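Because the structure is a prediction, the values reported are computed rather than measured. A note on names: the letters A, B, ... follow the listed sequences, proteins ahead of strands, and every chain is numbered from 1.
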Amino acid sequence: MSELLNTLMQDARVWQGHKHNKTTQPAELTGYQALDNQLGGIGWPRGALSECLLDAPGIGELTLLMPLMQRLSQAGKTVFWLNPPHTPYAPALARGDINLNQVIMIHTEDKGDFLWTLENCLRSPVTGLVMAWPGKLATREIRRLQLAAEAGSNVCVLFRERHYAGQNSPAALRLELEPGDQQGLKINIVKRRGSWPGQGCSLAMVHRAGLFHREAPRVVQGPWPASTR
Amino acid sequence: MLWLYLHFPHLLLDHIRRSGENVAALVIVEGSGQRVIQACPAARDLGVGAGMRLKTAVSLVPELGIVRADQQQEARILEDQARWLYRYAAHIVLVPPNGLLAEIGSLQRLYGGLSAVWQTVEEVLHERQLTAWPGIGHTPLAARLIARNGKGECSSDKGCILQTLGQMPLLAAEFDERTCTRLQRLGLNTLGEVFSLPPAEMARRLSPETLAYIQKIQGSRPDPQAPWQPPHYFRQQADFVQDIEQSQGLLFPLQRILSELEKDLCWRQQDTDCLLLVLRHRHAEPTRLRIRTSGPEHRAEAFLNLISLRFEHQPLQAPVVSLRLTVKRFLGREASGGQDLLGESQDLNEAWHTLMSRLQARLGENALKQLAPQADHRPERAWSASEVQRTSRVMKTKASQLPQRPLWLLRGPQPLTEIPQAWFTGPERISGGWWDGQRVHRDYYIAQLNNGQLAWVFRDVREGWFVHGWFG
């Protein structure tokens, strides 16, 4: 076989249904054993796009990235938050042992700036992780970002709405996030380069609010029903 | 002491031609706009000469580029020349409008002989595309007279210099008109004949000033020269004959100025992080652009990239007549980490500054923020966003001492519109702000909403329920 074809096979860019290759693409561990197992033991792909598809914030989507963020920021890599929908709360990040000197929040005015900024961040060797909330993106634009991601070797996670799960996307990893039982996070792998999709797992995310399973879920009887607004 | 005088016969012309425009023929006209005082070689080939009336010149060459002489501008350009000369000689004197005097006697040992000094200066003049007539003399005035008459030779021999001077006609010796006439009436034609007059007689018959002038040329009377001090800033200007309408057209002269800046910074062993670019328009207020880099920088290429990014984003308001680049802030240069011996690892610090400068140049300085916790009990004041800096602030409080907080904070509290599914910890009472009028009196709870979101909700003192954050 030609060398080119060999490379393509090796990188798992050509999908072979009958053979489950262990991919050699560079990656960063997620920090969650259950999820790592589902992702072939490698975690977030580096030099490629990842997508997290979710309906609403507050289901543990940032906590999913906290181990990675912590590891990269402590290693001196910069973590970018591009157009976050709310304010990343510094005291909580500091509590999560993230080096805030390496965290940079960027707000762009229009989509041209957004894509340009994301591309520049992805191509830079200082970047460790880019988290971006792009809003609506055309496939052509995702493709452009994918190329930029390939030029660098950092993790890029796009947070998009869940209804995009039906559309195809050039991203290497696509995760559908849903709230699970006991404040957990249910992850459904929509796409994974070099392997079958459709696996899923559930992660306990209860620690994100300092709650533990031991506590009964209704420690406090809310004063809600008694005093109406 | 030995002096070198550089006479620039058409400095303004050289300056404008260096701005890189393709104007075929160019002339400089005097302030009133009547007469041509300098003409470029192309114009001279077409028959335009110095001293010609402007009307005649224009009828000879209809597409003539015309620039009006401006004293202030000339003084500034002369100072630009002094700045580069300062790299080669320490004691420099400006002789307006178009001369520079440098003491070179002390440089001979440094450069290894007078001819080496001469050669160095000529090379630099050539590199800068400047026309200058050099002259060497044992006194400042002698050097000046020799240079202005184009008799410059690379020789430090006093006898030779005096001989050259002696052969000079009286008209070339720059006496004032009355003295010149009187000397001619005495039957004297060359400077040498004046030199041989007895000094006492000359003072009595002519005037003490004339004697002083003669003695200063000869060197028998001191002629102290106050040295010029280079300014503590960098400033360069490019003037255009034709207005520039496209920002692309500005990049070429900018490139030249920026490489001058790079050289200047190299000589100073300093860096800068702030450039001020002023674009002057003919009928509008000048545009001022402040180009900032996030860290110390000296490379012309990096500055040019930032400026062209800025131009892409901010088109020109009006055609540009001239541009000026000023740098006033200088920072000490740190030894660059650079690449390692094999060039394998990149300098991350430099890459970081490059990226931040690029982003700031396109998005504006306020688009990038760094976050930090603040010592305040009120959640909306317990964090701060500051400009991006490459400093390693040390966290004051230990991570474990910080209270449990959500990762998302809403920009402002949102009213809670549904009854939460489950309630968790709480209440956590936060009451404060009585000291600055931003009173906060709230009870915070953690609650799960019906769609699975874990929210940080609070009840206000006025009985309203709000969501203030998400446990993302």
Side-chain angles (χ1 to χ4, degrees), chain A residues 55-63 66 76-78 81 84-101 103-109 113 116-117 120-121 123-127 178-180 183 205 208-211 215 217-225 227 229, chain B residues 346 348 351-352 354-356 358-359 362-363 367-374 379 382-385 388 391-393 395 397 399-400 402-411 416 419-420 422-427 445-449 451-456 459 463-465 469-472:
Chain A
D55 278 328
I59 58 170
E61 74 279 9
L62 294 181
T63 316
M66 281 293 269
K77 292 281 192 174
T78 309
W81 298 61
H86 308 291
T87 310
Y89 198 39
L93 294 174
R95 192 184 150 94
D97 209 14
I98 286 168
N99 181 2
L100 283 172
N101 293 323
V103 174
I104 289 175
M105 179 170 73
I106 307 178
H107 281 284
T108 59
E109 277 171 15
D113 279 354
W116 183 88
T117 309
N120 273 277
C121 291
R123 284 173 199 275
S124 172
V126 296
T127 312
E178 278 176 89
Q183 299 81 50
M205 290 284 179
R208 72 184 193 268
L211 315 170
E215 294 180 55
R218 290 169 190 276
V219 183
V220 185
Q221 279 300 328
W224 182 265
S227 61
R229 295 169 57 205
Chain B
Q346 282 169 296
L348 283 184
W352 190 90
T354 313
L355 177 64
M356 293 305 146
R358 269 179 76 81
L359 295 179
R362 163 119 180 200
L363 305 172
L368 274 70
K369 291 283 183 227
Q370 255 175 339
L371 305 166
Q374 286 282 327
W383 69 284
S384 68
V388 174
T391 48
S392 41
R393 288 167 294 173
M395 212 59 75
T397 46
S400 54
L402 289 163
Q404 185 71 46
R405 290 287 177 259
L407 280 164
W408 285 127
L409 187 77
L410 269 54
R411 300 227 164 90
L416 183 64
I419 298 175
W423 293 87
F424 301 102
T425 59
Y445 299 83
I446 297 174
Q448 188 169 20
L449 303 189
N451 59 359
Q453 291 173 287
L454 208 54
W456 202 39
R459 186 164 77 152
E463 293 289 302
W465 283 89
W470 302 114
F471 286 88

Task: Residue part contacting chain A, namely of B/Ile446, when any heavy atom lies under 4.5 Å - done: side chain

- [ ] Please lay out, stage by stage, how A/Thr87 and B/Arg411 fare under the test side chain to side chain contact (heavy atoms under 4.5 Å, CB included).
- [x] CA-CA 7 Å; A/Thr87 310; B/Arg411 300 227 164 90; 4.2 Å; yes

Open item on the list: For B/Pro379, is there any backbone N or O sitting under 3.5 Å from a side-chain donor or acceptor partner on A/Tyr89?
Closed with: yes

Open item on the list: Please enumerate all residues that pass salt bridge (Lys or Arg N to Asp or Glu O under 4.0 Å) together with B/Arg358, with sequence neighbours excluded.
Closed with: none

Task: Test side chain to side chain contact (heavy atoms under 4.5 Å, CB included) applied to B/Lys369 - qualifying residues, sequence neighbours left out - done: A/Met105, B/Asn366, B/Ala385

Open item on the list: Whether the side chain of B/Gln370 engages the backbone of A/Asn101 through a donor-acceptor N/O pair (distance < 3.5 Å, no angle test) should be reported.
Closed with: yes

Open item on the list: Can you tell me which portion of B/Ala455 sits under 4.5 Å from chain A's heavy atoms? Options are side chain, backbone, both or neither.
Closed with: neither

Open item on the list: Under a 4.5 Å cutoff for heavy-atom pairs, which residue among B/Leu449, B/Leu359, B/Thr354 has the most contacts with chain A?
Closed with: B/Leu359

Open item on the list: Looking at chain B, which one of A/Gly180, A/Pro57, A/Pro85 has the largest number of heavy-atom pairs inside 4.5 Å, strictly under?
Closed with: A/Pro57

Task: Heavy-atom contact with chain A under 4.5 Å, split by part of B/Gln448 - done: side chain

TODO: Establish, from distance only, whether the side-chain atoms of B/Trp470 and A/Glu61 form a donor-acceptor pair under 3.5 Å.
DONE: no

Task: Contacting region of A/Thr117 [heavy-atom separation from chain B under 4.5 Å] - done: both

Open item on the list: Can you classify the ring geometry of B/Trp423 versus B/Trp465 as parallel (below 30°), tilted (30 to 60°) or perpendicular (above 60°)?
Closed with: perpendicular

- [ ] Count the heavy-atom pairs under 4.5 Å between each of A/Asn120, A/Val103, A/Thr127 and chain B, then report the option with the highest count.
- [x] A/Asn120

Open item on the list: Taking side chain as everything from C-beta outward and backbone as N, CA, C, O, which of these in B/Leu363 sits under 4.5 Å from a heavy atom of chain A? Side chain, backbone, both or neither.
Closed with: side chain

Open item on the list: Counting heavy-atom pairs under 4.5 Å with chain B, which one of A/Ile59, A/Thr108, A/Thr78 comes out on top?
Closed with: A/Ile59

Open item on the list: Shorter than 4.5 Å, heavy atoms on both sides: which option in B/Trp352, B/Trp456, B/Trp383, B/Phe471 has the most such pairs with chain A?
Closed with: B/Phe471

